[in-house]
Amino acid sequence: MTQQREHDFLISGTHDDYNRQSFIQNMRMHILQDVSSGMEEVYEHRVKPAMVKQNGAEPDDGRDICKAMMKDPYGKTWAAMIHTCQEMIWESVGAGIERQQPHLNERVRGLNSRLGSVTLNPDLELPRYTTASDIHVMPGNYHTERQQDDVSQGALFDRGLYVFQSGFAGEDCDSNGRTGAELVKRAWPDFKPKKILDLGCTVGNNTMPYADVFPDAELHAIDVAAPCVRYGHARAEALGKAAHFHQMDAEHLDFEDNSFDLVVSCILFHETSRKAVGNILREAHRVLKPGGLMMHLETPRASEMTPYQSFRLDWDTYYNNEPFLSTWMRTDMKEASTNAGFAEDKYESYVVPDFYCVTEEDFEEAINSQDKADSTAVHWGEAVQWSFYGAWK
Ligand SMILES: C[S@@+](CC[C@H](N)C(=O)[O-])C[C@H]1O[C@@H](n2cnc3c(N)ncnc32)[C@H](O)[C@@H]1O
């Protein structure tokens with residue numbers, strides 16, 4: 001299993017913490033592979049036939065499948081296992097961070113910025129959708145501060161994400177960002193962004209690939225959560241990467257009009273409200289220079305998945321504290337982008353394999369061979385694939 005790259009502020013924990021995390025990773029893999037394959041059988045042979053009998057038609061909405069599956073004993077057991085596992089991820093990491101406080105906060109406070117910067121806004125009003133629930137069951141969410149200058153939630157996310165991903169996203173947990181940066185570079189080789197903005201960066205793991213792929217660009221990253229912005233800046237400095245972190249709301253950016261060449265985000269929208277999606281796209285349009293590009297990595301649309309695949313994400317809406325995910329999956333991004341000011345014919349959507357899962361040749365082939373009319377119909381063997389939605393200004 002790929003190990004997470006160590007850096008000065010990573011709290012991977014003691015030997016016992018490590019073993020606990022390792023156990024959870026293995027248990028999670030067992031649930032996702034073995035127990036989940038049973039879920040599909042239960043659906044095909046027990047739940048779907050009962051739904052067809054009751055409704056006279058095959059289910060076409062993942063939310064209906066979710067309700068039916070959660071009444072089945074196998075479905076209930078699967079749900080209990082996966083939810084418990086999710087809680088255990090955070091517990092296995094949180095204990096180590098608590099033991100390191102307040103020392104960790106002091107070390108971050110004492111950091112000398114050499115490459116980038118961090119700007120906080122203590123008066124920022126946090127959107128309710130970022131504070132109302134502990135998203136994906138992470139205790140304290142992204143924003144909670146228990147001490148002055150707290151970075152705990154950033155540290156929790158950094159290690160927790162690695163445990164969750166079991167190393168599949170690379171040693172820096174950055175395969176999403178790397179895939180996005182490589183897509184932009186390879187799909188439009190003449191486009192050389194000089195100023196890049198990442199919205200909803202959390203600790204910047206998926207921001208940093210933009211520094212690697214576009215080393216001449218000035219890189220900015222924003223998030224509403226102060227502990228993540230502080231930690232993200234410290235992490236970037238420790239890894240020797242230059243980026244400017246800001247505590248800022250993507251719905252109300254403090255940047256001037258026409259100031260960025262490229263605006264990106266990585267799994268931000270599904271954690272915001274329907275209204276916020278429109279506001280964020282409008283702000284992206286405002287801060288982009290004419291000729292600039294926005295490109296967002298997100299989950300696929302429900303319409304691009306089978307109803308059963310959609311159920312697996314809809315489940316998270318109801319049982320993994322992702323309250324906006326189902327709504328997001330049914331948001332038409334082309335329409336939302338057009339409503340935000342982007343021309344309809346400037347819309348871009350891509351589905352590409354994870355950059356770390358395929359060769360560079362296959363990645364480029366995937367970019368070039370997309371049937372844009374139905375780009376999500378493509379699959380690249382066993383490689384994980386990511387959906388991108390964007391537009392040129
Ligand atoms: C799923 S995380 C994104 C993770 C990160 N981009 C990555 O790829 O690992 C969503 C992040 O968006 C932030 N966020 C949500 N709404 C926001 C908003 N309106 N403005 C800025 N950040 C926001 C949350 O605080 C959280 O850190």
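Both counts, for ligands and for their atoms, begin at 1 and track the order of listing. Index from 1, following the sequence. Everything quoted here is computed from the prediction, not taken from an experiment.
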- Message: Using the ring pair (Phe, Tyr, Trp, His ring centres under 6.0 Å) criterion, which residues pair with Trp386? Sequence neighbours excluded.
- Response: none

- Message: To check your reading of the model: name the closest protein heavy atom to atom 4 (C) of ligand 1, its residue, and the distance in Å.
- Response: Thr202 OG1, 3.0 Å

- Based purely on interatomic distance, does His136 place a nitrogen or oxygen under 3.5 Å from a nitrogen or oxygen of ligand 1? no

- Could you please spell out the steps behind the salt bridge (charged side-chain N to carboxylate O under 4.0 Å, His left out) verdict for Asp61 and Lys67? CA-CA 10 Å; Asp61 190 319; Lys67 278 185 205 140; over 6 Å; no

- Near Asp60 CG, under 6.0 Å, is it more than 12 heavy atoms from other residues, nucleotides or ligands? no

- Query: What atoms of ligand 1 come closer than 4.0 angstrom to any heavy atom of Asn205?
  - Reply: 9 (O)

- Note on the structure: closest protein heavy atom to atom 22 (N) of ligand 1 is Val224 N, 3.4 Å

- Message: For atom 6 (N) of ligand 1, what's the nearest protein heavy-atom neighbour? Residue, atom name and distance, please.
- Response: Gly200 O, 2.8 Å

- Task: Specify whether Tyr319 and Trp315 have parallel, tilted or perpendicular ring planes, treating 30° as the upper limit for parallel and 60° as the lower limit for perpendicular.
- Result: parallel

- Task: Following the transitive rule for hydrophobic clusters with a side-chain heavy-atom cut-off under 4.5 Å over Ile, Leu, Val, Met, Phe, Trp and Tyr, establish whether Phe355 and Leu297 coincide in one cluster.
- Result: yes

- Which protein non-hydrogen atom lies closest to atom 20 (N) of ligand 1, naming both residue and atom, and how far is it? Ala250 N, 2.8 Å

- Message: Quick check on the 6.0 Å ring-centre criterion: do Phe324 and Trp328 meet it?
- Response: no

- For atom 24 (C) of ligand 1, closest protein heavy-atom neighbour: Asp223 OD1, 3.5 Å

- Message: Suppose I only count heavy atoms of Thr130 and a 4.0 Å limit; which atoms of ligand 1 are within that range?
- Response: 15 (C), 16 (N)

- Query: What atoms of ligand 1 come closer than 4.0 angstrom to any heavy atom of Asn206?
  - Reply: 7 (C), 8 (O), 9 (O)

- Taking only heavy atoms of Leu268 into account, list the atoms of ligand 1 that are under 4.0 Å away from them. 12 (O), 14 (N), 15 (C), 16 (N), 17 (C), 23 (C)

- Determine whether any heavy atom of Ala276 lies closer than 4.0 Å to an atom of ligand 1. no

- Task: Can you label the angle between the Phe255 ring and the Phe260 ring as parallel, tilted or perpendicular, going by 30° and 60°?
- Result: perpendicular

